[in-house]
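Worksheet: one structure, shown below.
On a predicted model such as this, the values are computed, not experimentally measured, just so you know.
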Amino acid sequence: MLIKHTKILWYHSSRMNVVWIIVSCIVCFGVYSDGLSGNGTSRPAVVNVGAIFTFDSTIGRAAKIAIQEAVKDVNSNSSVLQGTKLVVQLQNSNCSGFLGMVGALTFMETDVVAVIGPQSSVVAHTISHVANEHQVPFLSFAATDPTLSSLQFPYFLRTTQSDQYQMAAIAEIIEFYAWKEVIAIFIDDDYGRNGVSALDDALATRRCRISYKAGISPGATVTRGDVMDVMVKVALMESRVIVLHAYRTLGLMVLSVAHYLGMMGDGYVWISTDWLTTVLDSSPPLPQDTMDTMQGVLVLRQHTPDSENKRAFLSRWNKLTGGLLGLNSYALHAYDTVWLVAHAIDSFFNQGGTISFSNDTKLQSVEGSNLHLEAMSIFDGGPLLLKNLLESDFVGLTGPFKFIPDKSLIRPAYDIINVIGTGFRRVGYWSNYSGLSILPPETFYSRPPNRSSTNQKLYSVVWPGNNVQKPRGWVFPNNGKQLKIGVPIRVSYREFVSQSPGTNNFKGFCIDVFTAAVNLLPYAVPHKFVPYGNGHENPSYTDMVRLITTGKFDGVVGDVAIVTNRTRVVDFTQPYAASGLVVVAPFQKLNSGGWAFLRPFSAQMWGVITIFFLFVGMVVWILEHRTNDEFRGPPKQQLITILWFSLSTLFFAHRENTVSTLGRMVLIIWLFVVLIINSSYTASLTSILTVQQLYSPIKGIESLKETDEPIGYQVGSFAERYLEEIGIPKSRLVPLGSPEEYATALQRGPAKGGVAAVVDERPYVELFLSNQCKFRIVGQEFTKSGWGFAFPRDSPLAVDLSTAILTLSENGDLQRIHDKWLARSACSLDNAELESDRLHLRSFSGLFLICGIACFIALLIYFIQILRKFCRTSNAAVDSDGQNTTSRSKRLQTLLSIIDEKSDKSNRGSKRRKIDRSVSADNIENDLGRDSRWRESQAHWD
C-alpha cells in the first residue's frame with residue numbers, strides 16, 4: 001500500500017531501470033508521508049475516480065459515452081482542476097448485485113476518491129455500506145429508489161431524481177383524471193417495491209389507493225407464462241388503471257402479454273414510469289410490433305430544460321453514435337455527474353485538501369484471510385469532498401445542478417408523454433413547484449407557486465383503444481361474483497323496504513329508486529340483495545353500514561340516513577329523498593268562540609292600547625284646553641270630552657277640532673298608530689275567524705328539552721343517538737316499533753304511560769300523518785339530511801349512481817316512484833295545518849252579547865230618567881189641581897208626550913247648536929241695527 005504510485009509508474013514505464021524505480025519509490029513514499037502529515041499546498045497530476053454500471057444495458061450504453069465525453073470536456077477545460085487530470089476507471093456490473101459489490105470492493109483497494117454509480121438501486125443498497133465505511137462518495141445517476149435518500153447512507157448521492165417525485169407525479173395525474181384506484185405491476189426488488197410504496201403514500205394523500213399489487217420476480221428465469229399468470233389475475237380486477245414500474249426486458253414483456261390478452265383496448269389506462277421513455281429515447285425507432293403493444297400509454301420522462309449547451313451536445317452525440325443510439329435523460333445526468341465530481345475535487349484542492357488514505361482498523365481482525373480485506377483503506381478527505389459535493393452549484397446539461405437539504409436535486413420535474421402510432425408526443429409537464437401544466441416548469445419558477453385545480457392542465461390524450469374520451473378507470477370484476485347489497489328487514493313502514501315472504505326479493509320505494517338508477521348506468525351491475533335483521537324489530541342501520549367495512553356487504557340499499565358517523569366509514573350517493581328529524585305531537589283545535597274578537601291582541605296589548613287611548617286624550621286636552629272652546633266647560637263635561645275624543649279616534653270619528661300646532665302633531669302621529677293597530681287587528685281577526693287554528697303545548701325540540709316528559713323514537717333510527725347528544729337523558733327515550741305504537745303512545749300521553757311527542761325522520765312522519773289526523777308536526781325540522789345508498793370509501797359506483805339519481809330527479813321519474821309508494825291521502829301534511837271553514841254565529845256571539853247588554857243598559861237608564869220625569873210631572877199636576885183625578889188614559893198620554901218631547905240642553909249643546917246660537921245672535925244684532933236706522937230715518941222726516 002505504501003507504493004501505490006510506484007505501481008502506476010511501473011505500468012507506464014516498463015523500460016525504466018531499477019535505479020529509477022527505486023528513486024520513484026522513495027519519492028512516492030515521501031509524497032505519501034507528506035500527505036499523511038497534512039500538506040495541502042500541492043495538487044496531484046492525476047485524480048482517479050471509479051465508475052460502476054452495466055455497460056450493455058439501455059442506460060449503460062448511453063451513460064458510458066456520456067461519461068467519456070464529460071471526462072474529455074473536463075480535462076480540456078483549464079479552469080477546472082487546474083492541470084490535474086481526471087481519470088475515470090470503468091467497471092461493468094453486468095446487472096448483478098454481487099458483481100457490483102465486488103467492483104466496489106475493488107475500488108476500495110485503489111486510490112479512487114469517488115465512484116460514479118451504481119446504476120442499479122439493488123446494487124446501491126449493498127455498496128452504500130462500503131461507501132459509508134471507507135468515506136468514499138458514491139454518485140448514482142440512475143438509482144432512483146426513494147429509500148436511498150435516507151440518513152442511513154450519508155456517502156450516497158443521487159445525481160438524478162428520486163422515484164418519490166416520479167410517483168408523486170403519477171398520483172397527481174390519477175387525481176387529475178378523478179380515478180380512485182390503481183393496480184401496480186412492478187419488479188419485485190428494492191427498486192420496484194420501494195417505488196410502489198412511494199406511489200401508495202402519494203395516492204393516500206389524495207384519497208386514492210392501490211387496489212392490487214402484482215409483483216414479478218426480478219430473476220432472468222421469468223418466462224412469458226409467468227407474466228401471463230400475473231396478467232390474468234390483473235384482468236379480473238375491478239380497476240382498469242395500471243401503473244407499470246419495471247426494467248426494459250420485463251416491462252416490454254408485460255406490455256406484450258397485456259396486448260395479447262386484450263388489456264390494451266378501450267377502457268384501460270396504462271401509466272409507465274420513466275424506464276419506457278428511456279427505451280423510446282435510446283432505441284429510435286422501435287419495431288412496429290413493439291410499438292403496437294404500447295399504444296395509448298402515458299409515460300414519464302425526467303425533464304431537462306432546453307438550452308444551447310444541450311442542443312450542441314445532442315448534435316455532437318448524433319455524430320458520435322451515427323444516429324444508432326439515442327440520448328436519454330440518464331445519459332445527460334451521467335454527463336453532469338462527471339462535472340459535479342470535477343467541481344467538487346477542484347474546491348477540495350482549493351480548500352487545502354489532500355488525497356490520502358489510512359488503514360481500516362476494523363479490518364485488522366480478518367488480516368491473513370484469503371480475501372485480503374486489509375488491503376482496503378479509508379479516504380481521509382472523504383468528509384471534505386462530500387461537503388463540497390453537496391455544496392456544488394452549477395448549470396449543466398440537465399439545468400441547474402444543486403442539492404437541497406435532503407440531498408435531492410432541486411426542481412424535480414417530468415415530461416408527460418403519450419405513445420401514439422410510431423412515436424410519441426408530449427401532453428404536458430409535472431413539477432414539484434407548479435404541478436401539472438402545458439407550459440415548461442421553468443416558466444413558473446419566477447412566479448408565486450399556484451397549485452389550484454384550475455391551473456392544473458394537460459393536453460388531450462389518446463388512450464388505449466384509440467379512444468380520446470377519458471376512460472372511466474374501472475369495471476365490475478370479471479370473476480362471476482355479484483355485488484352483495486345489504487337490505488334492512490323492516491317491520492314497520494314497509495312502503496320503503498319490504499321483503500317478499502319466502503324469497504330474497506325486495507320491493508318498496510328505496511328498491512325502486514335503486515333499480516331505476518342502476519338501469520341508467522352505461523354498464524351492467526350484477527348484484528344480489530342480502531337481507532339484514534331478525535324480522536322482529538327494525539335493525540340498527542349504523543351497524544349494517546359498518547358491515548361494508550368488514551367486507552360482508554359491498555353496499556347497502558334502503559332508507560339509510562346520511563349522518564356524520566356513517567360518512568366517516570363509507571361513501572354515500574347523492575340523496576334521493578330529503579330527510580330530517582321532526583317532532584310529532586297531539587294537538588287541539590281552537591274554535592273561534594264567542595270571545596274570539598279578543599284573541600288578536602294579548603291582555604298586555606289590550607291594556608297598553610287602553611292606557612294610550614286615555615293618555616293621548618289627556619295630552620290633547622292639555623294642549624287644547626286654553627285655546628280651544630270645545631275642550632272647555634264644566635269638569636264633568638271636560639272629562640266626557642276627553643273620553644269621547646280618545647275613543648272616537650279609533651274610528652276616526654272625532655268632531656272636535658284641534659287648533660294648536662302641538663295638538664295637531666300629536667293627533668297625526670296617534671292617528672297613524674291607530675291605523676296600524678286597526679289594520680293588524682282586522683287581519684288577525686280575519687285569520688282567527690276563517691282559518692282553523694291548532695294548538696299544542698309542545699312548540700318544538702327546544703320545548704321538549706325543557707320538560708321531563710318521555711319522548712318516543714323509532715327503533716333502529718339514529719334519532720336515539722342524536723337526542724342523547726343534545727342533552728336529553730336516555731331514561732326519557734321510549735323506543736317505538738310501528739306507526740300503531742306511535743299513535744297509541746301519543747294518545748295516552750305521559751300521564752297514562754305514553755309519550756309527549758315522537759321524534760322521527762320526516763319521510764316516516766309524513767307517511768304516519770297521512771292516516772293519523774289527530775297529530776301534527778310541531779316546530780321546525782331541526783336536522784338537515786337525506787337518504788342515500790352506501791358503498792365502500794372511494795367507490796366509483798357511488799359517483800355513477802349519484803349522477804343517475806340526479807337524472808331521475810330531473811326527468812321526473814323519482815317523483816313518480818315517490819307517488820307510487822308514498823301518495824298521501826286523508827290528512828293534510830302542511831306544517832301550518834290550514835283548513836278553511838265557514839263563519840258561524842258562535843264566532844260573533846260575544847260581540848252581539850256586548851252590544852245587546854249596552855243597549856239594554858242604555859234603555860234602562862233612559863226609561864228610569866223618563867219615569868222620574870213622569871213622576872215629577874204627575875206630582876206637579878196634582879199640586880196644581882189639588883186633586884188626583886187624572887185618568888189612566890190621561891197619564892198614558894202624558895207619558896207618551898214626555899217621551900216624544902224634545903229636550904233642550906243648552907248647557908250641553910253640540911257644536912252645531914253653538915254655531916246656531918252664534919248665528920242667531922248675529923241675526924239679532926243685525927235686526928237691532930236695522931231697527932235703529934229706521935227710527936233715525938223716521939225722526940229725520942218728521
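- The closest side-chain donor-acceptor pair between Thr277 and Asp274, if any, does not fall under 3.5 angstrom.
- A donor-acceptor distance shorter than 3.5 angstrom exists from the side chain of Thr223 to the backbone of Asp226, with no hydrogens or angles considered.
- In this structure the side chain of Glu181 never reaches within 4.5 angstrom of the side chain of Met237, judged on heavy atoms.
- Here Tyr330 and Phe141 keep their ring centres 6.0 angstrom or further from each other.
- Between the side chains of Thr144 and Gln166, no donor N or O sits under 3.5 Å from an acceptor N or O.
- Residues Ser315 and Asn318 bring no donor and acceptor atom of their side chains to less than 3.5 Å of each other.
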Report all side-chain donor-acceptor pairs from residues 264-272 shorter than 3.5 Å, counting only partners two or more places apart or in another chain.
| unit_1 | atom_1 | unit_2 | atom_2 | d |
| --- | --- | --- | --- | --- |
| Asp266 | OD1 | Asn467 | ND2 | 3.0 |
| Tyr268 | OH | Arg240 | NE | 3.2 |
| Trp270 | NE1 | Met263 | O | 2.8 |
| Ser272 | OG | Trp275 | NE1 | 3.0 |

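- Phe424 has its side chain out of reach of Asp415: every pair of non-hydrogen atoms, C-beta onward, lies at least 4.5 Å apart.
- Checked against ring-ring contact (aromatic ring centres under 6.0 Å, His included), Trp430 has no partners two or more places apart in sequence or in another chain.
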> Between Val227 and Leu250, does a side-chain contact (heavy atoms from CB on, under 4.5 Å) hold up when you go through it step by step?
Replying inline: CA-CA 9 Å; Val227 176; Leu250 182 60; 4.1 Å; yes

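- Residue-environment remark: NZ (Lys402) stays at or below the threshold of 12 foreign heavy atoms within 6.0 Å.
- The distance from atom CD of Gln456 to atom CG of Asn450, rounded to the nearest 0.5 Å, is 8.0 Å.
- Residues Met231 and Ile185 meet the side-chain proximity criterion, which asks for heavy atoms closer than 4.5 Å.
- Using a 4.5 Å heavy-atom threshold, the side chains of Leu409 and Arg158 count as separate.
- A salt bridge between Arg209 and Asp794 is absent, with no side-chain N of the basic residue lying under 4.0 Å from a carboxylate O of the acidic one.
- Sparse packing is recorded around OH of Tyr459, with 12 or fewer heavy atoms of other residues, nucleotides or ligands lying under 6.0 Å away.
- When all heavy atoms of Pro146 and Ala198 are compared, the pair lying nearest together is CG-CB, 4.0 Å.
- There is no side-chain donor-acceptor pair under 3.5 Å between His303 and Gln161.
- Salt-bridge formation is not detected for the pair Glu175/Arg207: no Lys NZ or Arg NE/NH1/NH2 atom is positioned less than 4.0 Å from an Asp or Glu carboxylate oxygen.
- Between Tyr155 and Phe153, the gap from one ring centroid to the other reaches at least 6.0 Å.
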>> Working note: Leu801 + Val518, criterion side-chain contact (heavy atoms from CB on, under 4.5 Å); need CA distance, chi angles, decisive distance, verdict.
In response: CA-CA 7 Å; Leu801 280 178; Val518 168; 4.0 Å; yes

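- Atom-to-atom distance recorded for Asp189:CG and His125:NE2 is 9.0 Å, nearest 0.5 angstrom.
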Would you give me the side-chain donor-acceptor pairs under 3.5 Å for residues 252-261, sequence neighbours excluded?
| unit_1 | atom_1 | unit_2 | atom_2 | d |
| --- | --- | --- | --- | --- |
| Ser256 | OG | Arg224 | NH1 | 3.0 |
| Ser256 | OG | Arg224 | NH2 | 3.4 |

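- The CG atom of Leu199 sits 10.0 Å away from the SG atom of Cys208 when rounded to the nearest 0.5 Å.
- Side chain of Asn418 to backbone of Val462: a donor-acceptor contact under 3.5 angstrom is found.
- A donor atom on one side chain and an acceptor atom on the other are not found under 3.5 Å apart for Ser211 and Glu238.
- Applying the 6.0 Å contact sphere to CD of Gln469 captures no more than 12 heavy atoms from other residues, nucleotides or ligands.
- Atom OG in Ser434 sits 9.0 Å away from atom CG in Leu439 (nearest 0.5 Å).
- Inter-residue side-chain proximity for Asp800 and Arg472 is flagged as met; some heavy-atom pair is nearer than 4.5 Å.
- Pairing each heavy atom of Ser431 with each of Ala413, the nearest pair is CB-CB, 3.9 Å.
- Formation of a donor-acceptor pair under 3.5 Å by the Gln295 side chain with backbone atoms of Met291 is found in this model.
- With hydrogens and angles left out, the side-chain atoms of Asn328 and Thr278 include no donor and acceptor closer than 3.5 Å.
- For the residue pair Thr54 / Ser93, a side-chain donor-acceptor distance below 3.5 Å is found, with atom types taken as modelled.
- No donor-acceptor pair under 3.5 Å is formed between the side chain of Arg426 and the backbone N or O of Ile417.
- Within the 6.0 Å centre-distance limit, the rings of Tyr433 and Tyr445 are counted as a close aromatic pair.
- Nearest heavy-atom pair, Asp336 versus Phe401, reported as atom, atom and distance to 0.1 Å: CB-CE1, 3.7 Å.
- Atom OH in Tyr414 sits 14.0 Å away from atom CG in Leu436 (nearest 0.5 Å).
- Under the ring-ring contact (aromatic ring centres under 6.0 Å, His included) criterion, Tyr177 pairs with Trp179, Trp463, sequence neighbours left out.
- Every residue two or more places apart in sequence or in another chain that forms a ring-ring contact (aromatic ring centres under 6.0 Å, His included) with Phe313 is listed here: Tyr335.
- If you check the side chains of Asn309 and Ser307, you find no donor sitting under 3.5 Å from an acceptor.
- Between Trp474 and Pro796 the shortest heavy-atom distance is NE1-CB, 2.8 Å.
- Closest approach of Ala214 and Val230 over heavy atoms only: CB-CG1, 3.6 Å.
- Looking only at distances, no side-chain donor or acceptor of Ser140 sits under 3.5 Å from a matching main-chain atom of Gln119.
- To the nearest 0.5 angstrom, Leu286 atom CG is 9.0 Å from Thr293 atom OG1.
- Considering only heavy atoms from C-beta on, Arg206 stays 4.5 Å or farther from Ile174 through its side chain.
- Here the shortest heavy-atom pairing between Ser795 and Asp571 reads N-OD2, 4.0 Å.
- Residues Asp190 and Thr147 are not in side-chain contact: their nearest non-hydrogen atoms beyond the backbone lie 4.5 Å or more apart.
- Looking only at distances, a side-chain donor or acceptor of Ser128 sits under 3.5 Å from a matching main-chain atom of Ala124.
- Sorted by first and then second residue, the salt bridge (charged side-chain N to carboxylate O under 4.0 Å, His left out) pairs with a member in residues 311-320 read Glu69-Arg316, Asp73-Arg316, Asp306-Arg311, Glu308-Arg311; sequence neighbours excluded.
- The closest side-chain donor-acceptor pair between Tyr191 and Asp163, if any, does not fall under 3.5 angstrom.
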> Would His343 and Val80 count as a side-chain contact (heavy atoms from CB on, under 4.5 Å) if you check the C-alpha gap in whole Å, the side-chain angles of each, and the deciding distance to 0.1 Å?
Replying inline: CA-CA 7 Å; His343 284 296; Val80 181; 4.2 Å; yes

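- Looking at Arg301 and Leu280, their side chains never come closer than 4.5 Å, going by heavy atoms from C-beta outward.
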>> side-chain contact (heavy atoms from CB on, under 4.5 Å), that's the test. Do Ser802 and Thr573 meet it? Break it down for me.
In response: CA-CA 5 Å; Ser802 295; Thr573 62; 3.6 Å; yes

